[in-house]
Trainee: 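Below is the structure I would like to discuss, written out as structure tokens.
One-based numbering along the sequence shown. Order of listing sets the numbers, starting from 1, for every ligand and every atom in it.
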Amino acid sequence: MFERRQPIPIADAVRKIMEFQSHGVIEKVLIEESYGRFLAENLVATCDVPHFDRAPYDGFAIRSIDSREASVSNTVEFEVVDHIGAGMVSQKMIGKNQAVRIMTGAMMPAGTDAVVMFEVAQTFEKNGIPHMSIKREFKKGENVSFRGEDAKEGEVLVKKGTLINPGIQAMLATFGYKHVPVAKKPLVGLFATGTELLEVEEPLVPGKIRNSNSHMIAAQIERAGGKVHYFGKLPDEFDTCFTAVKNALDGVDILITTGGVSVGDFDFLPEIYEKLGAEVLFNKVAMRPGSVTTVAQHKGKLLFGLSGNPSACYVGFELFARPIIRRLLCVPKPHLRKEKAELKTDFPKANPFTRFVRSSVYIEDGRLMVTPSGLDKSNIIMSLAGANSLTILPGGTRGFTSGTEVEILMLEDQIGSEWPW
Ligand SMILES: Nc1nc2c(c(=O)[nH]1)N[C@H]1C(S)=C(S)[C@@H](COP(=O)(O)OP(=O)(O)OC[C@H]3O[C@@H](n4cnc5c(N)ncnc54)[C@H](O)[C@@H]3O)O[C@H]1N2
Ligand code: MOO
Ligand SMILES: [Mg+2]
């Protein structure tokens, strides 16, 4: 029995997925393991930084008031009464015309409010006691790094959902976050279906191909921030596939299958969803490639039936599965980032449906330029390697010419879009 499917607009398909209730789960990891994870709570300053006034230069800490009369023609002398480096605290209360020899990072001694750099001080001894002199006035606060100038206690410095980069690592350490609250990586189960599929190490034989989708999707799951549970490949046999899918569901947050979603005699995913009692959210989207992408939900879990055709599989993941993974990672803008770019090549193919062309975007004279990264057919693999973006070519057109401004979705960006549709 052949079933004719009704394509739905891309925005409706994405909306149906995003309406599905899902939110991130917090876990605490050691700071050493937090790089590359997503903050699950706002990062708040737990103290002022620095938490004491300190010297930003090697030199002498003085009371600025004592330098008031200093000028080229009037040298003012100071008795050097203490000597401190970073980490040391002077116990002296500094009096009139006294100075402390101080190193970068050391806490300003009580009473002092300015630092004279070594370069502008003359040092000498008087009766065996170290002294220094200056020939200009220093203002109150001159060359002082003040308490709280970097951050104030209680300030929200980085928002929940931000990818932890090396700078955030420095902040986390500064504020004493030994354990960092990060979003638990959603566990994404993955099956490849297809009797034609060989393992990577198997030699080619007539009619069979190596399974590339699993490796591609596993990498896409990781790029999005998820964790992969690869269950292996399945032959196109209903019972085997049904049992495998049913058993896999319990242990994962999301389940992805590749292949077997179209209307072929060995495309069993539609019947598997039916027998499971899963609710199919959609099984045809008005787009190319990836039109047969099917998404269902069963007992609160999303099942993504991605197309077997590699490029369709790739695009289906990025448009439909990635945003849910990003939302589970607490990312506020879960969709691919949309930007405008200039098309650098003619694209003469007519477009009944909106087309997502695997593309390479680059910067030329400060502007974004984009060009297809290879052949644009859904069974093509090679164009995926150079793709860092998808050019959106709206449907109902006769093609596009070089120089046209187009919209693109960026594949390797971490900021995202709130809603690009
Ligand atoms: N009569 C119709 N036929 C097809 C339609 C349609 O609407 N009516 N849709 C076409 C479109 S569009 C696509 S896309 C494909 C989708 O097919 P399936 O998702 O059912 O995938 P399969 O049939 O299993 O495989 C398709 C193709 O991809 C190769 N493949 C599958 N798995 C892998 C893998 N893991 N690694 C590499 N390549 C894989 C497979 O060998 C097939 O060549 O259906 C059209 N047909
Ligand atoms: O799902 Mo197909 O990719 O539209 O060629
Ligand atoms: Mg098929």
Trainee: At less than 4.0 angstrom from any non-hydrogen atom of Gly290, what atoms of ligand 2 do you find?
Mentor: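 So the answer, numbered in order with elements, is 1 (O), 2 (Mo), 3 (O), 4 (O).
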Trainee: Using heavy atoms and a threshold below 4.0 Å, how should the contact between Val292 and ligand 1 be classified: side chain, backbone, both, or neither?
Mentor: side chain
Trainee: Just which atoms of ligand 1 are under 4.0 Å from any heavy atom in Ile209?
Mentor: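 Under 4.0 Å from Ile209, ligand 1 has these atoms: 37 (C), 38 (N), 39 (C), 41 (O).
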Trainee: Assess whether a salt bridge exists between Arg223 and Glu412, defined as any Lys/Arg side-chain N lying under 4.0 Å from an Asp/Glu carboxylate O.
Mentor: yes
Trainee: Hey, is ligand 2 close enough to Val292 that some N/O pair sits below 3.5 Å?
Mentor: yes
Trainee: Taking the six-membered ring for Trp and the full ring for Phe, Tyr or His, determine whether the centres of Phe282 and Phe320 are under 6.0 Å apart.
Mentor: yes
Trainee: Which of the numbered atoms in ligand 2 are below 4.0 angstrom from a heavy atom of Pro289?
Mentor: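 The list of qualifying atoms is 3 (O), 4 (O).
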Trainee: Tyr35 ring centre to Arg37 NZ or CZ under 6.0 Å, with the angle to the axis within 45°?
Mentor: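 Judged by the rule (NZ or CZ under 6.0 Å from the ring centre, within 45° of its axis), Arg37 is not positioned above Tyr35.
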Trainee: Which bit of Leu197 is near ligand 1, meaning a heavy atom under 4.0 Å away: side chain, backbone, both or neither?
Mentor: side chain
Trainee: If you count the atoms of ligand 1 from 1 in the order shown, which ones are under 4.0 Å from a heavy atom of Ser307?
Mentor: 14 (S), 16 (C), 19 (O)
Trainee: What do we get for Asn309 next to ligand 1 when only non-hydrogen atoms under 4.0 Å count, side chain, backbone, both or neither?
Mentor: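 Under 4.0 Å from ligand 1, Asn309 contributes backbone and side-chain atoms.
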Trainee: Does any donor atom in the side chain of Thr104 or Asp58 lie under 3.5 Å from an acceptor atom in the other side chain?
Mentor: yes
Trainee: What atoms in ligand 1 come closer than 4.0 Å to a heavy atom of Asn211?
Mentor: 34 (C), 35 (N), 36 (N)
Trainee: Between Ala224 and Arg326, what is the shortest heavy-atom contact and its length?
Mentor: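 Nearest pair, atom of Ala224 first, then Arg326: O-NH1, 2.9 Å.
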Trainee: Would you mind checking if Lys344 and Glu364 are paired as a salt bridge, meaning a charged N to carboxylate O distance below 4.0 Å?
Mentor: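 Salt bridge flag = yes for Lys344 with Glu364.
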Trainee: Closest approach of Met18 and Pro334, non-hydrogen atoms and distance?
Mentor: CE-CG, 3.9 Å
Trainee: Using a strict threshold of under 4.0 Å (side-chain N to carboxylate O), is an ion pair present between Glu407 and Lys338?
Mentor: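 Here Lys338 pairs with Glu407 in a salt bridge, since their nearest N and O are under 4.0 Å apart.
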Trainee: Do any heavy atoms of Gly194 fall under 4.0 Å from ligand 1?
Mentor: no
Trainee: Look at atom 1 (O) of ligand 2 and say which protein heavy atom is nearest, naming residue and atom and giving the distance to 0.1 Å.
Mentor: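 The closest one turns out to be Ser291 N, 2.8 Å.
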Trainee: Provide the number and element of each atom of ligand 1 under 4.0 Å from a heavy atom of Ser291.
Mentor: 12 (S)
Trainee: Would Ser378 count as a polar contact of ligand 1, with the cut-off being nitrogen or oxygen pairs under 3.5 Å?
Mentor: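 No - when backbone and side-chain N and O of Ser378 are compared with those of ligand 1, no distance drops under 3.5 Å.
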Trainee: In the protein, which heavy atom is nearest to atom 5 (O) of ligand 2, and how far is it?
Mentor: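 Residue, atom and distance for the closest contact: Ser378 OG, 2.6 Å.
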Trainee: Going by the atom numbers of ligand 1, which of them fall below 4.0 Å from some non-hydrogen atom of Gly260?
Mentor: 18 (P), 19 (O), 20 (O), 21 (O), 22 (P), 24 (O)
Trainee: Given Met216, Arg210, Met287, Glu196, which has its nearest heavy atom closest to atom 40 (C) of ligand 1?
Mentor: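 The option holding the nearest heavy atom is Glu196.
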Trainee: Which atoms of ligand 1 have any heavy atom of Lys284 under 4.0 Å away?
Mentor: 7 (O)
Trainee: Would Thr345 and Thr371 satisfy side chain to side chain donor-acceptor pair (under 3.5 Å), going step by step from the backbone distance to the final call?
Mentor: CA-CA 6 Å; Thr345 332; Thr371 186; 2.5 Å; yes
Trainee: Do any nitrogen or oxygen atoms of Ala312 lie less than 3.5 angstrom from nitrogen or oxygen atoms of ligand 1?
Mentor: no
Trainee: Would a 4.5 Å heavy-atom cut-off, applied to side chains only, mark Lys28 and Val180 as touching?
Mentor: no
Trainee: Would Tyr230 and Ser214 count as a side chain to side chain donor-acceptor pair (under 3.5 Å) here? Give the steps.
Mentor: CA-CA 8 Å; Tyr230 179 49; Ser214 309; 3.3 Å; yes
Trainee: Would you mind running through ligand 1 and noting each atom that sits below 4.0 Å from a heavy atom of Asp267?
Mentor: 20 (O), 23 (O)
Trainee: Considering Gly308, Ser262, Pro270 one by one, which has a heavy atom nearer to atom 30 (N) of ligand 1 than any of the others?
Mentor: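 When every heavy atom of Gly308, Ser262, Pro270 is considered, Gly308 comes closest to atom 30 (N) of ligand 1.
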Trainee: Heavy-atom contacts with Val263 under 4.0 Å: which atoms of ligand 1 show up? List them by number with element.
Mentor: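 With Val263 as reference, the close atoms of ligand 1 come out as 1 (N), 2 (C), 8 (N).
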Trainee: Which heavy atom of Ile272 sits nearest to which heavy atom of Phe242, and what is that distance?
Mentor: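 Shortest heavy-atom separation between Ile272 and Phe242 comes out as CD1-N, 3.9 Å.
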Trainee: Using the benzene-type ring in the case of Trp, are the ring centres of Phe60 and Phe118 under 6.0 Å apart?
Mentor: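 Here the rings of Phe118 and Phe60 have centres that are less than 6.0 Å from each other.
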